[in-house]
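Step one of this worksheet: look at the structure below.
Numbers restart at 1 for each chain; the letters A, B, ... are given by sequence-line order, proteins then strands. Everything quoted here is computed from the prediction, not taken from an experiment.
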Protein chains: 2
Amino acid sequence: MQIRNMSVEPNFPMPIATVDTALLTLSGGALAVGLIERNRAPFIGMAALPGGYVHVPDDNSLEAAAARILREKAGLECRYLEQLGTFSGAARDPRGWSLTVAYFALVPEADLLAANSALTLQPVASLPPLAFDHASIVDAAVARLRGKSSYSALPAFLLPALFTLAELHAVYQQVLGTRLDLASFRRKIIDQEIVEPAESRKTGAHRPAGLFRLRAGQALPFQHRI
Amino acid sequence: MQIRNMSVEPNFPMPIATVDTALLTLSGGALAVGLIERNRAPFIGMAALPGGYVHVPDDNSLEAAAARILREKAGLECRYLEQLGTFSGAARDPRGWSLTVAYFALVPEADLLAANSALTLQPVASLPPLAFDHASIVDAAVARLRGKSSYSALPAFLLPALFTLAELHAVYQQVLGTRLDLASFRRKIIDQEIVEPAESRKTGAHRPAGLFRLRAGQALPFQHRI
DNA sequence: ATAATAGTGTCTCTCAGACACTATCGA
DNA sequence: TCGATAGTGTCTGAGAGACACTATTAT
């Protein structure tokens with residue numbers, strides 16, 4: 001098969017387009033990102049975000065391409081996948097001018113461990129050198145997550161589908177890096193109907209906690225900041 | 001010159017990448033977007049956002065490409081230009097799978113009138129049919145502007161460099177589509193140092209109002225929502 | 001002086017943080 | 001019954017809306 005552009009119009013060099021995803025999870029109480037070792041040039045042997053080319057015949061959209069690549073390389077479906085931004089320039093790839101549409105995904109660590117993924121987790125606070133401009137992409141993903149966490153339910157996607165309010169509270173604190181008053185947190189999450197009670201309760205050594213799930217469509221913003 | 005990709009690797013069809021910008025301004029008290037008539041297929045004769053291909057040798061980044069295209073088609077430099085998102089798919093362009101990196105820009109109407117631009121302004125509330133998926137891009141730009149306006153100084157970029165607080169208040173109301181208490185608005189804008197006083201005052205028929213300018217780097221978020 | 005616009009003082013309501021309180025379970 | 005975790009009541013302080021008030025200019 002030969003190189004073929006989809007249009008006959010532009011008779012000049014075009015940037016190559018790829019898709020990369022920063023898959024974030026909480027591992028050992030710290031934010032971590034899923035990395036894969038590159039098996040070809042450029043940056044062969046270096047850690048990189050999972051990514052690849054759009055498959056024009058198969059992928060209906062860039063988001064579908066990102067989801068397919070996560071399926072192939074991490075063996076999982078992510079409940080949260082959002083376009084982060086497009087990174088471009090002459091310098092980011094030694095082969096020439098290129099462009100990558102970056103996504104960021106949130107996944108509970110349990111899902112990632114269950115799928116026997118080709119990815120390794122690295123805490124975002126101590127990343128190895130990454131291929132291309134992938135370090136910038138991770139930074140942008142973490143910044144986006146932190147920013148949105150103060151007024152949305154995004155951190156809930158780092159937990160399994162059912163969780164206690166104490167667990168959700170802990171995740172918010174870990175993501176935001178600040179202490180939050182538990183009583184106010186409970187009131188806000190419940191009053192604003194971010195979350196709804198599930199049937200069962202979580203049993204442990206002591207008084208069992210109620211279980212909750214995210215309400216449908218609730219990656220939505222809160223009315224006020226946390 | 002022949003079609004040439006920048007990499008030798010991918011031996012399969014690649015999406016074509018373009019850049020499009022939704023240039024927003026306030027015209028007659030309503031949000032409007034700058035449109036240009038397409039002079040070639042597809043969608044020839046139809047209104048579209050100003051856009052084009054990346055010029056690999058000239059443009060250092062996608063943002064530089066967007067700025068160049070605005071310079072060429074609107075004859076102006078925008079004080080605010082932000083990446084909006086990348087729109088993609090097999091259906092958006094009849095020639096095949098394509099991808100466009102969309103930007104949105106804010107400009108005072110006076111600047112647009114001064115530059116004798118090839119663009120015509122259309123209120124976003126009553127758009128004609130647009131080429132490609134440009135209607136979705138305009139919707140996304142307006143949503144982004146409205147969303148960020150409740151906690152940032154973005155609307156100030158719809159005004160000239162110097163403005164009164166009454167003018168800024170009016171712009172916020174027009175963008176957000178809600179009434180805002182003027183006293184609270186003044187206090188918030190001043191207390192949070194969004195804005196700094198300029199030397200002179202605006203003179204009119206009655207008591208002159210103080211002039212202000214945006215503080216450096218103040219597209220930044222407020223501490224609390226407006 | 002008056003009209004008109006610029007700008008302030010102050011009350012109230014809402015909401016988040018602080019923190020002490022009660023509730024409910026296992027052992 | 002006790003220890004531990006789950007969950008609530010209530011006070012306080014900060015900030016936004018309401019709105020009446022004062023200030024400063026042109027005519």
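- Distance, B:R179 CZ to D:dC19 P: 8 Å, rounded to whole Å.
- Remark: the A:T25 side chain and the A:E109 side chain contain no N/O donor-acceptor pair separated by less than 3.5 Å.
- Atom CD of A:E167 and atom P of D:dG7 are 11 Å apart (whole Å).
- Computed from coordinates, the A:R186 CZ to C:dA18 C1' distance equals 16 Å when rounded to whole Å.
- The side chain of B:Q192 sits closest to D:dA16 out of D:dA16, C:dC19, C:dA16.
- Each of A:L70, A:L76, A:I69 was evaluated against A:K73; a single residue qualifies, A:I69, per the side-chain contact (heavy atoms from CB on, under 4.5 Å) test.
- Each of A:A205 and B:A183 lies near DNA chain D, and the nucleotide nearest A:A205 is the one positioned closer to the 5' end.
- Protein atom NZ of A:K188 is 14 Å distant from nucleotide atom P of C:dA18, rounded to whole Å.
- In this structure, CZ of A:R207 is placed 7 Å from P of C:dC25, rounded to the nearest angstrom.
- Looking at which nucleotide of DNA chain C each of B:A166 and A:R201 is closest to, the 5′-most match is held by B:A166.
- At a cut-off of 3.5 angstrom, counting only N and O atoms as typed in the model, there is a donor on one side and an acceptor on the other between the side-chain of A:R187 and the base of D:dT10.
- Rounded to whole Å, the distance from CG on A:L165 to C1' on C:dT24 is 16 Å.
- Residues B:V101 and B:V54 form no side-chain contact, since every pair of their non-hydrogen atoms from C-beta on lies 4.5 Å or further apart.
- Rounded to an integer number of Å, the gap from CG of A:L180 to C1' of C:dC19 is 16 Å.
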Apply side-chain contact (heavy atoms from CB on, under 4.5 Å) to the pair B:F87 and B:F132, showing each step before the final yes or no. CA-CA 10 Å; B:F87 294 71; B:F132 305 104; over 6 Å; no
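- In this model, a side-chain donor or acceptor of A:H206 finds a partner on the base of D:dG3 within 3.5 Å.
- Rounded to whole Å, the distance from CG on B:L182 to P on D:dC19 is 14 Å.
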